[in-house]
Amino acid sequence: MEDYFPFKDVEEKWHKRWEELFRCDVAKSENKFYCLMMFPYPSGNLHVGHGRNYIIGDALARFKMMEGANVLAPMGWDAFGLPAENAAIKNNIHPAEWTKNNIKRMKEQFDRWGVTYDWSREITSCEPEYYKWTQWLFIRLYKAGLAYKQAASVNWCPSCKTVLANEQVVGGECERCGSKVEQKKLEQWFFKTRKYAERLLQDLDKLPMAEVLIERGGVKEEGVRFIEEVKQIQVAEREKAQFTKKGFFTGCYAVNPATNKKIPVFLASYVLMEYGTGVVMGVPAHDQRDFEFVKESPLEIPVIQVIRPSGSHGELPELEAAYTNEGEMINSGPFDGIKNSIAMEKIYETLAEKGMAKKAVHYRLKDWLISRQRYWGAPIPMIHCKRCGTVPVPEEDLPVVLPEDVDFMPRGDGKSPLATSEEFVKTKCPVCGDDAERDTDTMDTFVDSSWYFLRYLSPNIDEKAFDSDLVNRWLPVDQYIGGIEHAILHLLYSRFIVKFLYDEGLIDFDEPFERLFTQGMIYRDGAKMSKSKGNVVSPEPLIEKYGADTVRIYTLFIGPPEKDAEWNDRAVEGAYRFINRVWRLYSKNAQLLDNVADRSVSIDPEALPAEMIPLYRKVQQTTHKVIEGVLGGSFHFNTAISSLMELTNEIYAFNERFKEEIAKQDEAIVGLFVLSIKNLLLLLSPMAPHLSEEIWERMGFKESIFKQTLPTVDSKYILAEKYTLVVQINGKIRAKIEVEKDTDSDKLKKIALENKRIAALKTITIPGKLVNIVVKER
RNA sequence: GCGAGAGUGGCGGAAUUGGCAGACGCGCUGGAUUUAGGAUCCAGUGAGGCGACUCGUGGGGGUUCAAGUCCCCCCUCUCGCACCA
């Protein structure tokens with residue numbers, strides 16, 4: 001008997017066979033299930049926190065297969081991006097090569113977890129075959145009037161003379177050299193996401209997912225704004241705002257239309273031109289920023305309190321900070337005495353009647369700035385001609401290939417690295433044929449990832465971006481799984497692009513994802529795993545020591561998948577013990593179980609002796625719980641595993657109790673025993689696939705366990721025929737009595753009252769649960 | 001500041017419609033087995049009390065026969081965004 005599951009001997013064998021299993025025939029779209037996991041950035045190493053995403057997705061894909069679905073589970077690489085360029089600069093390796101190496105390594109990591117995909121559909125966003133179509137998308141947007149050029153600020157390091165990403169700015173300083181970062185205006189490309197703001201907001205209702213709320217923060221309606229009256233004020237010459245929260249008195253006054261009082265007008269450094277009209281009403285008594293402005297400024301600015309804190313009386317003390325809570329209005333003319341939240345609406349109504357105000361909706365959504373002054377991205381396919389202006393590269397000339405031999409070290413003139421390649425820059429104008437220059441910026445990597453899920457259906461076609469027919473049959477994605485960090489922008493951009501393609505008539509759906517699931521982060525020592533904190537847990541040593549199934553089971557068992565969880569090295573052993581407990585169930589009984597498939601073993605539940613019914617019932621209850629818990633929509637693998645542990649414990653007890661009968665091959669007992677083990681394996685297999693497949697094969701089944709259907713539930717046996725009735729007095733438990741399952745209320749009441757002879761005022765009877773007796777005094 | 005989420009044993013976490021709080025696992029304790037250790041198997045394990053009992057789901061109120069769950073107020077923590085008013 002082998003005491004431990006020999007995972008090292010069998011894992012590889014199964015990885016090879018599963019590749020076939022996961023190859024999807026997309027021509028058959030009936031009963032399709034598109035299970036999409038966010039394609040990762042190939043940063044080099046996956047840790048167990050990343051693993052959660054892929055393990056959840058893999059387990060789900062396998063459950064769906066066993067439910068009979070035609071599962072499409074593809075994978076690819078979001079392969080353009082800043083880290084490749086940083087690594088290149090640091091280690092003097094070409095970004096393309098660095099990326100390629102990382103992809104190779106990460107693919108191996110997927111494999112070791114037993115996470116399987118349809119690799120025949122692999123896509124890599126940095127390959128010309130792919131980014132050709134990212135460029136094509138840009139041109140479509142441009143031709144539809146949704147791409148435009150405008151000056152916008154970038155972070156600029158005056159010492160490195162280069163553009164910095166937000167991430168590279170730490171505390172206002174360049175992370176590399178520590179110089180103070182400046183803002184510099186550059187002409188850049190934008191996509192008009194704002195044009196889709198209303199639809200992006202409205203259609204959120206089509207997405208049944210918890211994360212909707214997160215995105216509501218991104219596209220948000222701003223409330224009432226008093227625009228009209230302030231527009232009349234002439235804004236004086238603006239003083240340059242190089243200091244924070246300082247102001248300049250214009251000498252002008254505005255009139256507060258609600259009270260008809262004069263208000264001094266200031267220029268303030270902290271008011272953003274880009275937001276709203278660029279003009280705001282300062283309320284120093286009730287806005288902390290305005291309050292600080294008044295405090296920091298040498299100017300004499302009156303602070304008028306207009307909200308009296310709830311419950312306060314008499315003279316109001318001088319404020320030490322802005323009062324931002326509820327209260328009633330004071331110093332507000334006709335609105336005095338009204339609760340501030342109500343007054344807000346009242347003031348609006350009054351002004352609206354006079355035609356002085358109107359409600360406006362402000363989406364907290366900017367147009368999408370897609371230009372990046374970087375090398376490692378898809379070149380923007382535009383040509384600048386002196387005579388014809390900016391013109392798109394003709395579609396037949398795509399892709400605009402990213403030249404390999406470019407010096408992408410910081411050059412110090414602020415231009416994109418591509419500008420150094422004369423060969424790249426110099427071109428002919430496609431309109432007039434004259435000498436012209438290519439745009440030297442590349443696209444934001446979010447553009448690459450905003451359409452990749454369409455490409456998976458036909459990853460290799462070179463005459464178009466995607467096959468509309470296949471895409472229409474397979475999308476929207478049935479289940480999208482990914483990290484919370486991408487739940488906002490990536491989702492927004494993908495939705496924008498899909499709506500655009502819908503408007504262009506290229507696809508017939510306008511939301512890309514049917515359901516989204518964002519899994520929680522895995523923490524370690526109270527912080528999320530990161531290289532800089534040095535708290536990452538690598539999967540390899542764990543898989544080496546305990547096997548892939550242990551790591552999978554632990555990862556799924558750690559907690560509800562949507563919540564954050566703390567990694568605990570020692571608790572991994574619990575998963576390891578469980579795996580081996582299941583294995584021993586087999587190995588202890590190998591004589592019986594080896595090739596048991598070839599024999600007919602069956603049971604008739606109706607004919608089972610009473611002492612065997614509890615196990616049969618446990619099998620039914622577990623089956624019900626696992627299938628409901630996982631496929632019922634909540635992906636609660638943690639409770640599914642716990643109930644499989646319970647079942648395992650019960651099979652152990654059964655095995656021990658009927659040891660001799662099993663040895664003697666008693667038909668009924670062996671039948672139930674084998675059934676229990678079969679169901680245990682079927683339910684466990686998506687989560688611990690190596691173990692389950694191996695035992696399944698040894699039991700003599702010729703086909704993969706993932707080609708089996710999930711066990712069905714004999715629902716008659718879900719409820720026990722007896723249960724523990726709780727008897728409460730005044731809501732406190734006073735007795736517990738075993739009763740028959742179908743006992744009616746009257747009978748229950750009688751049983752309870754006989755048990756405790758109490759003069760009852762009132763009795764609450766809940767069949768199946770409890771009897772609560774209410775008495776006057778205890 | 002805005003937005004989102006979360007507070008249950010020593011720890012991770014369970015608890016249909018409000019109906020036995022703490023399933024399952026980790027850790028700990030004890031027993032079996034073993035020359036011993038490890039591994040394995042079995043049992044116990046919220047706190048207090050000898051006890052019948054009492055107290056317990058961040059804190060305080062409330063609704064109810066009954067509250068982790070519903071309502072009001074407060075506290076703490078985590079994440080995301082932001083000179084966005």
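Values in this document were obtained by computation on a predicted structure and should not be read as measured data.
In this model, a donor atom of one side chain and an acceptor atom of the other lie less than 3.5 Å apart for A/Asn655 and A/Asn589. Inspection of the A/Tyr4 and A/Asn580 side chains reveals no N or O donor paired with an N or O acceptor under 3.5 Å. Residues A/Tyr546 and A/Glu573 bring a donor and an acceptor atom of their side chains to less than 3.5 Å of each other.
Taking atom C1' in both B/C83 and B/A6, the straight-line distance is 29 Å, to the nearest Å. Distance check on atom P: B/G10 versus B/G22 gives 16 Å, rounded to whole Å. For B/C71 and B/G1, the C1' atoms lie 28 Å apart once the distance is rounded to whole Å. Annotation: B/G68 and B/C20 have their P atoms spaced 10 Å apart (nearest Å). Separation of the C1' atoms belonging to B/G62 and B/C53 is 28 Å when rounded to the nearest angstrom. To the nearest whole angstrom, the two C1' atoms, one in B/G80 and one in B/C74, are 25 Å apart. Remark: the separation of the P atoms in B/G12 and B/G7 is 11 Å, to the nearest Å. Taking atom P on both nucleotides, B/U16 is separated from B/U69 by 13 Å, rounded to a whole Å.
Across the strands present, B/U57 finds no partner; the criterion is a Watson-Crick or G-U wobble pair with both atom distances under 3.5 angstrom. Base pairing of B/U78 is made with B/A4, judged by Watson-Crick or G-U wobble geometry with both donor-acceptor distances under 3.5 Å. Figure legend. B/C50 is base-paired to no nucleotide; pairs are counted as Watson-Crick or G-U wobble with both atom distances under 3.5 Å. Applying the Watson-Crick and G-U wobble criteria (two distances, each under 3.5 Å), B/A32 pairs with B/U40. Checking B/U45 for Watson-Crick or G-U wobble geometry (two distances, each under 3.5 Å) identifies B/G27 as its partner.
Nucleotide B/G51 carries an anti base; the chi torsion (O4'-C1'-N9-C4 or O4'-C1'-N1-C2) is more than 90° from 0.
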Quick tally for nucleotides 39-44 of chain B: nucleotides whose base has a protein heavy atom under 4.0 Å get B, sugar-phosphate-only ones S, the rest -, giving SSSS--
B/S/- along nucleotides 8-18 of chain B (protein heavy atoms under 4.0 Å) is ----BSSS---
Report task. Kindly indicate, with the supporting measurements, whether the criterion ring pair (Phe, Tyr, Trp, His ring centres under 6.0 Å) is fulfilled by A/Tyr493 and A/Trp368. Result -> CA-CA 8 Å; A/Tyr493 295 146; A/Trp368 179 8; 3.7 Å; yes
Does the pair A/Lys192 and A/Asp367 meet the rule for a salt bridge (charged side-chain N to carboxylate O under 4.0 Å, His left out), with working shown? CA-CA 5 Å; A/Lys192 284 190 186 171; A/Asp367 276 347; over 6 Å; no
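The CG atom of A/Leu647 sits 13 Å away from the P atom of B/C24 (whole-angstrom rounding). Counting to the nearest Å, the C1' atom of B/C20 and the CG atom of A/Leu725 are 10 Å from each other. Remark: P of B/C24 and CD of A/Glu650 are 11 Å apart, rounded to the nearest angstrom. Rounded to whole Å, atom C1' of B/G25 lies 14 Å from atom CH2 of A/Trp567. The CG atom of A/Leu748 sits 14 Å away from the C1' atom of B/G19 (whole-angstrom rounding). The separation between A/Gln621 atom CD and B/C24 atom C1' is 15 Å, rounded to whole Å. Rounded to an integer number of Å, the gap from A/Ile553 CD1 to B/C24 P is 17 Å. For the pair A/Phe637 CZ and B/C24 C1', the computed distance is 17 Å after rounding to whole Å.
With contacts defined as side-chain heavy-atom distances shorter than 4.5 Å, the pair A/His636/A/Glu562 qualifies.
Between A/Glu628 and A/Lys625 there is no salt bridge, since none of the side-chain N atoms of the basic residue sits less than 4.0 Å from a carboxylate O of the acidic one.
In this structure, A/Arg581 fails the cation-pi test against A/Phe5, since its NZ or CZ atom is not both closer than 6.0 Å to the six-membered ring centre and inside 45 degrees of the ring normal. Cation-pi geometry between A/Arg515 and A/Tyr480 is not met: the NZ or CZ atom fails to fall both under 6.0 Å from the ring centre and inside 45° of the normal.
Under the 30°/60° scheme for interplanar angles, the aromatic rings of A/Phe513 and A/His490 are found to be tilted.
Listed for the A/His47 side chain is a donor-acceptor partner under 3.5 Å among the backbone atoms of A/Gly49.
Comparing A/Gly574 and A/Met521 by the nucleotide of RNA chain B that holds the closest heavy atom to each, the one mapping nearer the 5' end is A/Gly574. In terms of position along RNA chain B, the nucleotide closest to A/Gln728 lies nearer the 5' end than the nucleotide closest to the other residue of the pair A/Ala575 and A/Gln728.
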